[in-house]
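Remember, it's 1-based here, ligands and their atoms both numbered in the order they're listed. For the single chain, residues carry numbers from 1 onward in sequence order. The figures here come from the full heavy-atom set of this structure, side chains too, leaving out hydrogens, waters and symmetry mates.
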Amino acid sequence: MRLLFVHPGPLLYTRVFLRLEPLGLELVAETARRAGHAVRLIDLQVEGHRDYRRMIAEWRPDFVAFSCNYLANVPEIVDLAKETKASLPHCFICVGGHSASFTADAIVEHGEGAIDCVLKGEGEASIARLLEAAEHDRGAVATVPGAVTANGNGPPPEFVHSLDEARPARDLLRHRHKYFIGILDPAASIEFSRGCPWDCSFCSAWTFYGRSYRLVSPEKAAEDLASLKESGVFIVDDVAFIHEKHGFAIGEEIARRNIRKQYYLETRGDVLLRNKEVFQFWRKLGLEYMFLGIEAMDEEGLRKYRKRVSLGKNFEALEFARTLGIQVAINLIADPDWDEQRFAAVREWCMEIPEIVNISINTPYPGTESWITEQRKLNTRDYRLFDIQHAVLPTKLPLDVFYRELLNTQRVLYSKHLNWRTAPGLARAATRLLMRGQTNFVRGMMLYNGTYNAAKMLADHDRPVLYQIPLPPPRAVTVAKEPSAKATQLYIHAPRGRLGRQIDESTESFVDATRMGAATG
Ligand code: B12
Ligand code: SF4
């Protein structure tokens, strides 16, 4: 069959700060290609709907598969699916990915017949069976693991046997120079591990993978890295180098092969402090940027988000990261109940530290515990606003004042980052990039004011809403349950307990000591 894999368009964040290659979609596309199909891929983060329509009209695929990691992309995907079905009625249309897995029934329903199937869970595990059914026996689609259709659902999704099996179909991306993160321009993405053993209440990374944690072998990781042309590399792992030995083993392979890249990774403060040597080693290998999930600047906030990293530990982690001489970015979660004083306090605190501070808004998502425990009523059910940049819970301040305060705080922090210490270095880096024809980083800076604009964000709330996110289960059902029972309702991949986590005993104990322990598995 002729298959077209599609990544939807950009969200606010992707317009300014970063745009990364759709690694998950590339992995699924490669698995489909190995099953003997002709495969193309289009990324609407860098191409337009016009390009998509041209491809549909010229190539006339038999099967179109959309990647839906982000809830905010649901309406765009549903509309494209309807349009495609109208022009190619026999084309099989499938949606997969992180957010699609948590809202599968609703997506099939929104499609009104245009979406034949949502394939939940890891796409590599079931895509070949789905293609087989779509080509030869559409009645069998509802028997594929993870399949959700209007005519019934398949068995639970399965895990891929080994993360070493498939490599991403990087060659299918048509504009590889368009991917960047900050001044790592261009940047490719790579995966060293999958899943997360912690269980933070606002996050769905662990519920998707059943609190499992699997590793790519050091040889495969280094082989994949060596194949990359880009000098910048974003490591997509939720928490990098949880397992110190694995981090060292990959690093040693990289050193042995003499691979030189600049890296960006995300990790937790307590992991950084526990595995200091591995991060020092990676600094020598080219680690330049690190994102630390701090989430709150007071103990109450940390408890709320179920991060059992103490504030003291977080500050210690920041201190240590500074000694490494790398650029650190941290994230704070703004609650919709913040008032002017709270924003002012945050601005003051952030101005005192050299790190880049990013602020997102507390947003309950399907698949997270917050989704079923949050007691405040949603202000909106418009998928497009569930991007952690818009307020979907009622704000204490009038909404326009809340956005003004938030954007003012973000702007102060953004200009601090541009002006303080870094400005001459940034200007030099920008010039170097432009001379090499890489314009992503500079263009992002220029788009900042137009993108992060209070009037525009407010107007986003007034758009007509065609598709509404399903409501959380009634509170009466969830409050009665034990926390562990609550967690099991959330899983996409069933947990395999301790066996599902490729970490040694001491790391397992460390994880247990730093999580709240509500989840089973
Ligand atoms: C790396 C990452 C990013 C990167 C890169 C994203 C990209 N271009 O793909 C960056 C830093 C850009 C990013 C940004 C954001 N992210 Co992010 N991100 C992740 C993270 C940590 C890993 C994703 C990843 O690459 N995994 C590795 C690949 C191999 O897996 P995958 O993409 O999930 O693909 C697998 C399956 O999903 C499935 N699949 C995927 N596509 C398809 C398609 C088909 C047809 C099929 C069958 C299967 C399938 O099969 C794949 C292989 O197994 C996830 C958490 C997580 N663990 O999932 C959060 C996560 C997806 N991000 C999240 C959020 C909120 C954001 C932001 C909105 C945050 C912000 N500050 O604004 C932005 C918006 C980004 C945007 N598109 O504009 C949330 C999503 C919440 C939601 N429900 O919408 C997540 C779940 C994290 C969380 N805390 O809960 N993100
Ligand atoms: S540590 Fe917490 S926030 Fe980070 S990926 Fe794991 S569960 Fe999510």
Side-chain angles (χ1 to χ4, degrees), residues 3 5-32 43 45 63-74 93-103 117-127 130 146-147 157 159-160 163 166 168 179 181 189-191 193-209 211 213 234-239 242 264 266-268 270-271 291 293 295 305-309 331 358-361 363 365-368 371 383 386-389 492 511 514-515 519:
L3 321 181
F5 285 84
V6 189
H7 190 283
L11 304 181
L12 271 190
Y13 214 65
T14 353
R15 287 184 214 279
V16 178
F17 298 108
L18 42 82
R19 188 185 309 118
L20 288 159
E21 68 173 307
L23 194 67
L25 191 64
E26 289 171 5
L27 281 166
V28 187
E30 178 61 21
T31 314
D43 181 0
Q45 295 180 105
F63 184 104
V64 174
F66 292 95
S67 180
C68 183
N69 273 352
Y70 299 101
L71 280 171
N73 286 124
V74 168
I93 299 185
C94 155
V95 183
H98 191 96
S99 287
S101 301
F102 290 110
T103 50
C117 167
V118 170
L119 192 59
K120 293 200 288 187
E122 293 184 330
E124 308 97 316
S126 299
I127 191 73
L130 178 65
F159 281 112
V160 67
L163 295 186
Y179 301 96
I181 177 158
S189 297
I190 198 160
E191 183 183 41
S193 68
R194 194 178 283 182
C196 178
W198 279 274
D199 57 358
C200 303
S201 58
F202 61 90
C203 178
S204 54
W206 61 281
T207 53
F208 185 84
Y209 293 112
R211 255 199 88 218
Y213 179 71
F234 176 71
I235 301 169
V236 300
D237 303 14
D238 289 306
V239 183
I242 296 173
Y264 191 119
E266 299 191 22
T267 195
R268 288 172 52 114
D270 48 9
V271 171
F291 186 88
E295 326 302 356
Y305 300 121
R306 182 98 76 60
K307 280 231 160 175
R308 206 202 266 171
V309 187
N331 184 61
N358 172 54
I359 302 191
S360 53
I361 304 180
T363 305
Y365 275 132
T368 63
W371 180 249
Y383 286 96
F386 283 73
D387 62 353
I388 71 174
Q389 309 288 311
I492 295 298
V511 169
T514 49
R515 74 185 187 98

Check your understanding: W206 heavy atoms, cut-off 4.0 Å: which ligand 2 atoms fall inside?
Key -> 7 (S)
Practice item. Go through Y264 and F291 one step at a time and tell me if the side-chain contact (heavy atoms from CB on, under 4.5 Å) criterion holds. Key: CA-CA 8 Å; Y264 191 119; F291 186 88; 3.8 Å; yes
Review point. Got a second to check how far N69's CG is from L11's CG, nearest 0.5 Å?
Key: 10.5 Å
Exercise for review: List every atom of ligand 2 that sits less than 4.0 Å from any heavy atom of R268, numbering the atoms from 1 in the order shown and giving each element.
Suggested key: 1 (S)
Review point. Is the shortest distance from a heavy atom of F66 to ligand 1 less than 4.0 Å?
Key: yes
Review point. Aromatic rings F208 and H98: how do their planes relate, parallel, tilted or perpendicular, breaks at 30° and 60°?
Key: parallel
Exercise for review: Heavy-atom contacts with L25 under 4.0 Å: which atoms of ligand 1 show up? List them by number with element.
Suggested key: 43 (C)
Practice item. Check if R194 has a non-hydrogen atom at a distance under 4.0 Å from any atom of ligand 1. Key: yes
**Study point:** Shortest non-hydrogen separation from E26 to P168 and the atoms involved
**Key:** OE1-CB, 3.5 Å
Review point. Looking at SG of C117 and CG of L130, how far apart are the two atoms once the value is rounded to the nearest 0.5 Å?
Key: 5.0 Å
Review point. Which ligand 1 atoms, with their elements, are less than 4.0 angstrom from a heavy-atom of G24?
Key: 28 (C), 29 (C), 31 (P), 32 (O), 34 (O), 51 (C)
Check your understanding: If you measure only the distance, is there a donor-acceptor pair under 3.5 Å linking the side chains of Q389 and D387?
Key -> no
Exercise for review: Enter the distance from E122:CD to T31:OG1 here, rounded to the nearest 0.5 Å.
Suggested key: 10.5 Å
Check your understanding: In Å, rounded to the nearest 0.5 Å, how long is the span from CD1 of I93 to CZ of F63?
Key -> 10.0 Å
Point to revise | Main-chain N/O of V236 paired with S189 side-chain donor or acceptor, under 3.5 Å | key: no
Point to revise | Best match, F5, Y209, F208: closest heavy atom to atom 30 (O) of ligand 1 | key: Y209
Check your understanding: Heavy-atom contact under 4.0 Å between S360 and ligand 1?
Key -> no
Study note, to complete from the structure: The option among H98, Q45, R19 carrying the non-hydrogen atom nearest to atom 58 (O) of ligand 1 is H98
Point to revise | Subset of ligand 1 atoms that lie under 4.0 Å from at least one heavy atom of A65 | key: 45 (C)
**Study point:** Within-cut-off N or O pair, Q389 and ligand 1, under 3.5 Å
**Key:** yes
Check your understanding: Which of the listed options, V236, L130, D43, holds the heavy atom that is closest to atom 25 (O) of ligand 1?
Key -> V236
Study note, to complete from the structure: Quick note on ligand 2: atoms under 4.0 Å from a heavy atom of C203 include exactly 3 (S), 5 (S), 7 (S), 8 (Fe)
Exercise for review: Examine ligand 1 and decide if any of its atoms is less than 4.0 Å from a heavy atom belonging to G121.
Suggested key: yes
Review point. Strictly under 4.0 Å, does any heavy atom of S204 approach an atom of ligand 1?
Key: yes
Practice item. Would you check whether N69 has a nitrogen or oxygen atom less than 3.5 angstrom from a nitrogen or oxygen atom of ligand 1? Key: yes
Review point. Could you walk me through whether C200 and R268 pass the side-chain contact (heavy atoms from CB on, under 4.5 Å) check?
Key: CA-CA 12 Å; C200 303; R268 288 172 52 114; 4.1 Å; yes
Check your understanding: In Å and rounded to the nearest 0.5 Å, what is the CD1 to CG distance from I190 to L23?
Key -> 8.0 Å
Exercise for review: Flag the pair I388 / F202 as yes when at least one side-chain heavy-atom distance between them is below 4.5 Å, and no otherwise.
Suggested key: no
Review point. Does S99 use its side chain to pair, donor to acceptor, with the backbone of L71 at less than 3.5 Å?
Key: yes
**Study point:** Per-atom contacts, ligand 1 versus F234 - under 4.0 Å to a heavy atom
**Key:** 1 (C), 4 (C), 11 (C)
Check your understanding: With backbone taken as N, CA, C and O and side chain as the heavy atoms from C-beta onward, which portion of C196 lies under 4.0 Å from ligand 2: side chain, backbone, both, or neither?
Key -> side chain
Revision key, fill the gap. The atoms of ligand 1 lying under 4.0 Å from a heavy atom of E191, numbered in the order shown, are 27 (C), 29 (C)
Point to revise | Sub-4.0 Å atoms of ligand 1 with respect to non-hydrogen atoms of L20 | key: 4 (C), 5 (C), 8 (N), 10 (C), 11 (C), 12 (C)
Practice item. Can you sort out which atoms of ligand 1 are near L11, meaning under 4.0 Å from one of its heavy atoms? Key: 74 (C), 76 (C), 78 (O)
Exercise for review: Return the option from G96, S189, A32, P10 holding the heavy atom at the smallest distance from atom 44 (C) of ligand 1.
Suggested key: G96
Exercise for review: Output the distance between atom CZ (R194) and atom CG (D238), rounded to the nearest 0.5 Å.
Suggested key: 10.5 Å
Review point. Given Y70, F386, Y179, which one has a non-hydrogen atom that is nearest to atom 79 (C) of ligand 1?
Key: Y70
Review point. Counting from 1, what ligand 1 atoms have a heavy atom of E124 closer than 4.0 Å?
Key: 52 (C), 53 (O)
Point to revise | Any N or O of G123 closer than 3.5 Å to N or O of ligand 1 | key: yes
Practice item. Spell out, as yes or no, whether a donor-acceptor pair under 3.5 Å connects the side chain of N73 to the backbone of G9. Key: yes
Review point. Does the N or O separation between D237 and ligand 1 drop below 3.5 Å for any pair?
Key: no
Review point. Does E30 reach the side chain of F5, with side-chain heavy atoms less than 4.5 Å apart?
Key: no
Review point. Does S99, backbone or side chain, put an N or O under 3.5 Å from an N or O of ligand 1?
Key: yes
